[in-house]
Amino acid sequence: MNDAIRNAALRPSVIQLVFREKGALYAAYVPILANGGIFVPSIRNYKIGDDVYLLLTLPDDPQRYPVAGKVAWITPANAAGGRTQGVAVSFPNDEKVRHLKLKIEALLGTQMQSSKPTQTI
């Protein structure tokens with residue numbers, strides 16, 4: 001394997017996620033992870049612990065929030081219950097992302113206690 005291919009394989013993927021509606025954010029948010037996280041639909045092959053760099057845009061917020069996360073779990077193709085293939089990316093334990101987690105939870109408000117199905121668990 002040449003150096004360019006090896007370096008490309010080691011670089012974290014960069015994914016832009018734009019949530020235009022609270023319902024989509026609710027379906028993707030993963031509150032059970034210690035610092036929060038987000039589900040990313042993807043057919044790419046990831047491993048647990050892989051680095052993923054996210055650029056998140058929340059509903060009614062023009063700002064893009066950078067998040068350097070890690071793959072916490074993988075939903076494979078043809079998963080039970082018709083779940084979407086992809087990965088849950090856990091948020092890091094840092095101050096900026098803690099504010100993002102609080103912002104997401106404030107946006108979702110009472111939806112956080114909903115029994116409505118999500119992309120996660």
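Only heavy atoms go into these numbers, but all of them, side chains included; no hydrogens, no water, no symmetry mates.
Atom CZ of R20 has 12 or fewer heavy atoms from other residues, nucleotides or ligands within 6.0 Å.
Checking E21 against Y26 by side-chain atom types alone, no donor-acceptor pair falls below 3.5 Å.
Applying the salt bridge (charged side-chain N to carboxylate O under 4.0 Å, His left out) definition to pairs two or more places apart or across chains, none involves residues 73-82. For the salt bridge (charged side-chain N to carboxylate O under 4.0 Å, His left out) condition, the pairs that include at least one residue of residues 55-74, sequence neighbours left out, are D51-K70, D61-K103.
Closest heavy-atom contact between K22 and P59: N-CG, 3.9 Å. The shortest heavy-atom contact between N35 and P92 is CB-O, 3.8 Å. Counting all heavy atoms, side chain and backbone alike, Y46 lies closest to I74 at O-CD1, 3.2 Å. Considering every non-hydrogen atom in both P66 and Y53, the closest pair reads CB-OH, 3.1 Å.
Residues V67 and L100 meet the side-chain proximity criterion, which asks for heavy atoms closer than 4.5 Å. Contact check for L25 versus I38: side-chain heavy atoms found under the 4.5 Å cut-off. Proximity of V52 to I15: side-chain heavy atoms (C-beta onward) are separated by under 4.5 Å at one or more points. Contact annotation: the side chain of N93 approaches that of R98 to within less than 4.5 Å [non-hydrogen atoms, C-beta and beyond]. Between Q85 and T75 the shortest side-chain heavy-atom distance does not fall below 4.5 Å. L107 places none of its side-chain heavy atoms less than 4.5 Å from the side chain of Y29. In this structure the side chain of F91 never reaches within 4.5 angstrom of the side chain of V30, judged on heavy atoms. Residues V89 and F39 have side chains not in contact (no heavy-atom distance under 4.5 Å, counting atoms from C-beta outward).
When the side chains of ILVMFWY residues are joined at heavy-atom separations under 4.5 Å, either directly or via intervening members, I48 and V40 end up in a single hydrophobic cluster.
Note that the OH atom of Y65 and the CG atom of L58 stand 5.5 Å from one another [nearest 0.5 Å]. Between the NZ atom of K101 and the CD1 atom of I104 there is a distance of 9.0 Å, given to the nearest 0.5 Å.
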